[in-house]
Structure formats: structure tokens, C-alpha cells
Amino acid sequence: MANTRKTIEEFREVIWIEASNRWGEEFTVKDVVYHLIENGVIHPKTLRNYMLFVDFDIFLKENQGHIGHTFMDLSIKHNLSEKQCRNIIYKQRYKTEKAYNIIEDEY
């Protein structure tokens, strides 16, 4: 379900205009991310899943590669079952790859 580069550029322009109108020319990335979350562009479940991916990598290093402890830590932090965490990590992580999100231009 990838987007074309043209669609992405149009989206970036719309967000630039909205952010500039709201905060002036001195807005930050944090402002833009909050704006996207606030307006429903970033779905709450998508945000949670992305944070699971980030936390998974952090916890895996902290737990010295022990996958069981890693999923326990994830389930506690995100208030999900270990099985839900495993399913999200193993079945949804591919959605964070560039190839899934952007259609390469055809020349």
C-alpha cells in the first residue's frame, strides 16, 4: 500500500503550510509530529506499534539478546500480552520499511 513520490511531495507541502500557519517559520519536528497525531494522520495504533519496534530493539540489547525477557518488558510497558507483542513485532514490522511505504519512480 505504498504511496507515489508525487503524493508524498504534495503531503509534505500541505503539512509545511499547516505548520507554518500554526507556529510560524520556527516550528520543530516535535510540533509537526504532534500536529499529525492530533489531526489523526498518525493513527494511535500505528504510533503504539512503532514505539513497540523501538522499545524491542532497546530491550533486546538491555536483556543481552534474551527474547523472553524482552517480550515480558514490552508487555509490561505497553500494557499488552506477550503474545500481542510478539504478533505485532513479527507480523507488522515490515510496514516500517521504505519499500512498503514508497513506490519507486519508474523510468
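The structure places CD of Gln64 at 10.5 Å from NE2 of His66, a figure rounded to the nearest 0.5 Å. One finds the OG1 atom of Thr4 at 10.0 Å from the CD1 atom of Ile102 (value rounded to the nearest 0.5 Å). Note that CG of Leu80 is 6.0 Å distant from CG of Leu52, once rounded to the nearest 0.5 Å. One finds the CG atom of Asn87 at 12.0 Å from the CD atom of Glu82 (value rounded to the nearest 0.5 Å). Rounded to the nearest 0.5 angstrom, Lys6 NZ and Ile8 CD1 are separated by 13.0 Å.
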Test side-chain contact (heavy atoms from CB on, under 4.5 Å) applied to Leu60 and Ile67, step by step:
CA-CA 7 Å; Leu60 194 59; Ile67 202 79; 4.0 Å; yes
Verify side-chain hydrogen bond (donor to acceptor under 3.5 Å, both in side chains) between Asp73 and Thr70, making sure each step is shown before the conclusion.
CA-CA 5 Å; Asp73 291 342; Thr70 300; 5.8 Å; no
Can Ser75 and Cys85 be said to form a side-chain contact (heavy atoms from CB on, under 4.5 Å), step by step?
CA-CA 6 Å; Ser75 69; Cys85 292; 4.1 Å; yes
Full working for side-chain contact (heavy atoms from CB on, under 4.5 Å) between Ile103 and Arg5
CA-CA 7 Å; Ile103 296 173; Arg5 290 201 182 267; over 6 Å; no
Please evaluate residues Arg12 and Glu9 with respect to the criterion salt bridge (charged side-chain N to carboxylate O under 4.0 Å, His left out), reporting the C-alpha separation (whole Å), side-chain torsions for both, the decisive distance (0.1 Å), and the verdict.
CA-CA 5 Å; Arg12 289 173 58 189; Glu9 291 301 321; 3.0 Å; yes
Kindly determine whether Glu25 and Ser20 satisfy side-chain contact (heavy atoms from CB on, under 4.5 Å), including the steps that lead there.
CA-CA 5 Å; Glu25 294 294 320; Ser20 295; 3.7 Å; yes
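Cluster membership for Ile17 and Val32, using ILVMFWY side-chain heavy atoms within less than 4.5 angstrom, is not shared. Clustering ILVMFWY residues whenever any of their side-chain heavy atoms sit less than 4.5 angstrom apart, transitively, puts Val33 in the very cluster that holds Trp16. A chain of hydrophobic side-chain contacts below 4.5 Å, direct or via other Ile, Leu, Val, Met, Phe, Trp or Tyr residues, connects Leu47 to Ile58. Put simply, Val14 and Val29 are part of two different groups of oily side chains (I, L, V, M, F, W, Y) that touch within less than 4.5 Å, one to the next. A chain of hydrophobic side-chain contacts below 4.5 Å, direct or via other Ile, Leu, Val, Met, Phe, Trp or Tyr residues, connects Val41 to Ile37.
The number of heavy-atom neighbours closer than 6.0 Å to CG of Asn79, taken from other residues, nucleotides and ligands shown, is 12 or below. Around CD of Glu26, the count of heavy atoms belonging to other residues, nucleotides or ligands within 6.0 Å does not exceed 12.
Aromatic ring orientation, Phe56 versus Phe71: tilted (interplanar angle from 30° to 60°).
Side chain to side chain, Asn3 and Asn101 fail the donor-acceptor criterion of an N or O pair below 3.5 Å.
A donor-acceptor pair is defined here as one N or O able to donate and one able to accept, closer than 3.5 Å; no such pair exists between the side chain of Asn39 and the backbone of Leu36. With hydrogens and angles disregarded, a donor-acceptor distance shorter than 3.5 Å links the side chain of Asn63 to the backbone of Phe59.
Residue pairs satisfying the side-chain hydrogen bond (donor to acceptor under 3.5 Å, both in side chains) criterion with at least one member in residues 47-62, sequence neighbours excluded, are listed as follows: Asp55-Lys77, Asp55-His78, Asp57-Arg93.
Note: Trp23 and Tyr34 fail the aromatic proximity criterion, with ring centroids not under 6.0 Å apart.
You'll find the side chain of Phe27 stays beyond 4.5 Å of the side chain of His35, heavy atoms only.
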